[in-house]
Amino acid sequence: MDFEDTKQEAEYRANARAFLNKNAKPRTGKGMLYRAAHATEDVLGEARDWQKKKHAAGFAGITWPKEWGGQGLSAINQVIYDQEEAQFSVPRGIYEIGLGMCIPTVCTWGTQAHRDRYAVTALEGKEVWCQLFSEPAGGSDLAALRTSAVRDGDDWVINGQKIWTSGAHYCQYGVIVTRSDFDAPKHKGLTYFFLDMSSPGVEIRGIKQISGASHFNEVFFNNVRIPDSQRLGKVGDGWKVSLTTLMNERFTIGGRAGVDVDEFLELARGIELEDGPALKNPTVRDKIADWYVASRGLKYSHFRTMTALSRGDTPGPESSIGKLVTGPKLQNMSAMALDVLEQGGVITDPEVAPMAALFHQTLMTSPSSRIAGGSDEIMRNIIAERVLGLPADVRVDKDVPFNKVPTGKGGT
Amino acid sequence: MNFDFSDDLKLLKDEARKFLEDKSQPAVVRRVLEGPDGYDKGLWAEMATMGWTGASIPEELGGVGMGALGLCVLAEEIGRSLAPVPFASTMYFAAEALMAGGSDAQKKAWLPKIAKGACIGTFALAEGPGKATPKRVRTTFRNGVLNGEKLPVPDGSAANIAIVVAQTDRGIGLVLADLSHAGVRRDHVETLDESRKQARLTFANVPGELLGAAGDGERLLATIEQRAAILMAFEQVGGAQRCLEMARDYALERYAFGRPIGSFQAIKHKLADVYVATELARSNAYYGAWALSKNAPQLALAAATARVAANEAFWLAAKENIQVHGGMGFTWAFDCHLYYRRAKVLAVANGSTRLWKERLVTELESANAPG
């Protein structure tokens, strides 16, 4: 039992570190990894330059097959690179959805011509992709989506609305799943495409979040034409293709997920309560212990996952618990942080609030970590069904034509 | 990264599971729970024959020399099967204390006997309800003899030797005592979990030997508690895992409102939470095992983390197992209560969650854990 790299892993890590040392600045202090509220042209330019460098050095598409222009290496190489990159201040995030989910779907279901045209261009950072899945009526129940695709000659005509689309305003391409048959049961009437985001009829509007920032968009489709040659999979097989996209969600190992015990300790050391520093208060100490146990439990679970990857095994179910543990922890920790600030806890002015209002920001961003990418409730269902083998929920909409499925007030 | 047990130890674990599924069935646990015996003598003897009581003891002292990691995998299976044997008292406490603080003569006198299964050991700290802090311990060790009362002492009626925490002229000391002496009185004390019985031990001028140097008692006590916390965490993880499986199996076979109760999200989400707690506890226990095997500087923090996670996971799993079984889970006939009892007994056996959380944060205050 040890935490050492194998010889090959150590070499790979050394190469990654050498590349990063030469090309990037180490992260200083405890800077958070929040995505910029508004992806300005400067931010996007830096991200493009960085992706180009990574590609040139062979650190892009690490796990992609060589036929797609990738490195053909294993998941452990990706984990090692990510661990090293996390120690540097580099523009991350804008390529993750495209390279992690969209392009692998295009390559899996598309033609050789598609692979040749789109894969390397995306890997070099020249084109950014987004994922157009969720809809106002289809969130956790993704397959309830209603955006329609109607065949017209060599094209399909798309009408409807997508939501929660990260980066839609700076992406050149997107993958979209639509409903092509409203008479078929929910999962059977879907068809999957990719499209040029500058197509006429595509309208993008930012969504203002409770934190005040706008990371997501609504995307409206008004008679948008997509050539049939950009269909991925057969007509009606859109659900199957969507699963490829969803299964390609990256391993989120080794990265920091916002504030943690270290930051809370820093806060609790500096705040005075009625009986001395907050760090000496029994109630506060009880909570710190809880968060530490959860945080370390996750960290060591990641070590177990890495061990499986290092052997070339598929990670066990222990890798599925991260989001479910981290989301509530972020929210509870930030709430407790404001509690120990007592009446002064209301102040969000970063000049006045401790630690530049880090915990206040977390309070307002943490609800999304319990919803995005599978809500807490969906994650529990996944664990119960796929890990514990409990039965799936009763599906009242199964085998019913989609247009006969009850929708309540949310439907149209 | 190789954060896992070796193939040899995994093989040992598989063999241990098969053996215990056969020899430590709930009926065996119940026989001890409902009967006068302190433990299952036949099961204990077979474990010794297989080398389990020598797992962590070096070969030159008659053991198998698998180190702490061997003990960890056995502990998990023992926890899973609720084996009614004095394994924890003997191996996590007495043998660990002898190895950590014993002189060569003390080790040679007792460890080979423990390894052979010819000696049951225990650890005597508590003196009734409340916390026996080093300051508050009233049992004394002066002029080479022990005087006082220890209550409760796990496996106290069965044990051949005890490591007794007592006041000496130089603070508390850990005193090795042969319990066959006429000055030792043992009385069974009724406890929550009679499948591992406990006793009141009274010492009247009982000869003893100090473990370690004079004045070293507090440090030694902390080390033993930390090491035992990690080993016990594996027992607790084993117990929690079994509770989760029992609840899952019942949720699949029990129907209500025309469907398996395991198809209701109220049950699914509850069991998902138990799964998460058990996985966190398992991963923290693994890190503890690493710290134990390397005697790493992170041992104190690793032990506190493993202990808190394991206490909470086993308790959650045991109580929700009863809940999922509904009224049947509240009956003597179903096995849920065997785990419920064991979960709570283990949760206070070596310091409560509250105590270890305090220790954890104290460690964090001095230094953040490396790695």
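Numbers restart at 1 for each chain; the letters A, B, ... are given by sequence-line order, proteins then strands. This is a predicted model, so every value here is computed, not measured.
- Of the two parts of A/V293, the backbone and the side chain both hold a non-hydrogen atom closer than 4.5 Å to a non-hydrogen atom of chain B.
- Other residues, nucleotides and ligands place more than 12 heavy atoms under 6.0 Å from the CD atom of A/E272.
- The part of B/K294 that comes within reach of chain A is its side chain, from C-beta onward, which places non-hydrogen atoms under 4.5 angstrom from that chain.
- A/D393 and B/Q265 make their closest contact through OD2-NE2, 2.9 Å (heavy atoms, listed as atom of the first residue, atom of the second, distance).
- Here A/V394 is the residue among A/L324, A/V394, A/D5 with the most heavy-atom pairs under 4.5 Å with chain B.
- Counting non-hydrogen atoms of neighbouring residues, nucleotides and ligands closer than 6.0 angstrom, the NZ atom of A/K186 exceeds 12 such neighbours.
- Nearest heavy atom pair, residue B/K268 against residue A/P391, reads NZ-O, 2.9 Å.
- Contact annotation for B/R354: neither backbone nor side-chain heavy atoms come within less than 4.5 Å of a heavy atom of chain A.
- The contact between B/L360 and chain A is made entirely by side chain atoms (from C-beta outward), counting heavy-atom distances below 4.5 Å.
- No more than 12 heavy atoms of other residues, nucleotides or ligands sit less than 6.0 Å from atom NZ of A/K398.
- The part of A/K280 that comes within reach of chain B is its side chain, from C-beta onward, which places non-hydrogen atoms under 4.5 angstrom from that chain.
- Distance CD1/B/I267 to CG/A/L390: 9.0 Å, rounded to 0.5 Å.
- The local environment of CZ in A/R311 is crowded, with over 12 non-hydrogen atoms from other residues, nucleotides or ligands closer than 6.0 Å.
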Run A/L309 and B/M1 through side chain to side chain contact (heavy atoms under 4.5 Å, CB included) and show every step you take. CA-CA 9 Å; A/L309 293 175; B/M1 182 71 61; over 6 Å; no
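- Using a 4.5 Å cut-off between non-hydrogen atoms, the part of residues 230-251 of chain B that approaches chain A consists of B/L244, B/R248, B/A251.
- Contact residues of residues 3-16 of chain B toward chain A are B/F3, B/D4, B/F5, B/K10 (heavy-atom distance under 4.5 Å).
- Put simply, OG1 on B/T305 and CZ on A/R296 are 7.5 Å apart, with the number rounded to the nearest 0.5 Å.
- Judged by a 6.0 Å distance limit and a 45° cone about the ring axis, A/R304 is positioned over the six-membered ring of B/Y286.
- With chain B as the partner, the residue from A/L388, A/T6, A/I80, A/I382 showing the most heavy-atom pairs under 4.5 Å is A/L388.
- Note that SG of B/C72 and CE of A/M1 are 7.5 Å apart. Values are rounded to the nearest 0.5 Å.
- Scanning all heavy atoms of the two residues, the minimum distance from A/R269 to B/L364 falls at NH2-O, 4.1 Å.
- Counting heavy-atom pairs closer than 4.5 Å to chain B, the top residue among A/D2, A/V325, A/D286, A/V261 is A/D2.
- Atom NE2 in A/H302 sits 9.0 Å away from atom OG in B/S283 (nearest 0.5 Å).
- No more than 12 heavy atoms of other residues, nucleotides or ligands lie within 6.0 Å of CZ in B/R254, so this atom counts as exposed by the packing criterion.
- A 6.0 Å sphere centred on CZ of A/F264 holds more than 12 heavy atoms belonging to other residues, nucleotides or ligands.
- Under the 3.5 Å distance criterion, with hydrogens and angles disregarded, no donor-acceptor pair is assigned to the side chains of B/N2 and A/E4.
- Taking a 6.0 Å sphere around OH of B/Y255, one finds it holds 12 or fewer heavy atoms contributed by other residues, nucleotides or ligands.
- Enclosure of atom CZ in B/R259 by more than 12 non-hydrogen atoms of other residues, nucleotides or ligands within 6.0 angstrom is indicated.
- For the 3.5 Å distance criterion, the side chains of A/D376 and B/H269 fail to qualify, holding no donor opposite an acceptor.
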Checking B/V308 against A/Y292 for the side chain to side chain contact (heavy atoms under 4.5 Å, CB included) test, could you report, in this order, the C-alpha distance in whole Å, the side-chain angles of both residues, the deciding distance, and whether it holds? CA-CA 10 Å; B/V308 172; A/Y292 187 81; over 6 Å; no
Ring pair (Phe, Tyr, Trp, His ring centres under 6.0 Å) for A/Y300 and B/W290? Distances and angles first, verdict last. CA-CA 11 Å; A/Y300 306 139; B/W290 169 81; 8.8 Å; no
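- Side-chain N/O atoms of B/T362 and A/R285 include a donor and acceptor closer than 3.5 Å.
- Of the listed residues (A/L279, A/I76, A/I288), the greatest number of heavy-atom pairs within a distance under 4.5 Å of chain B belongs to A/L279.
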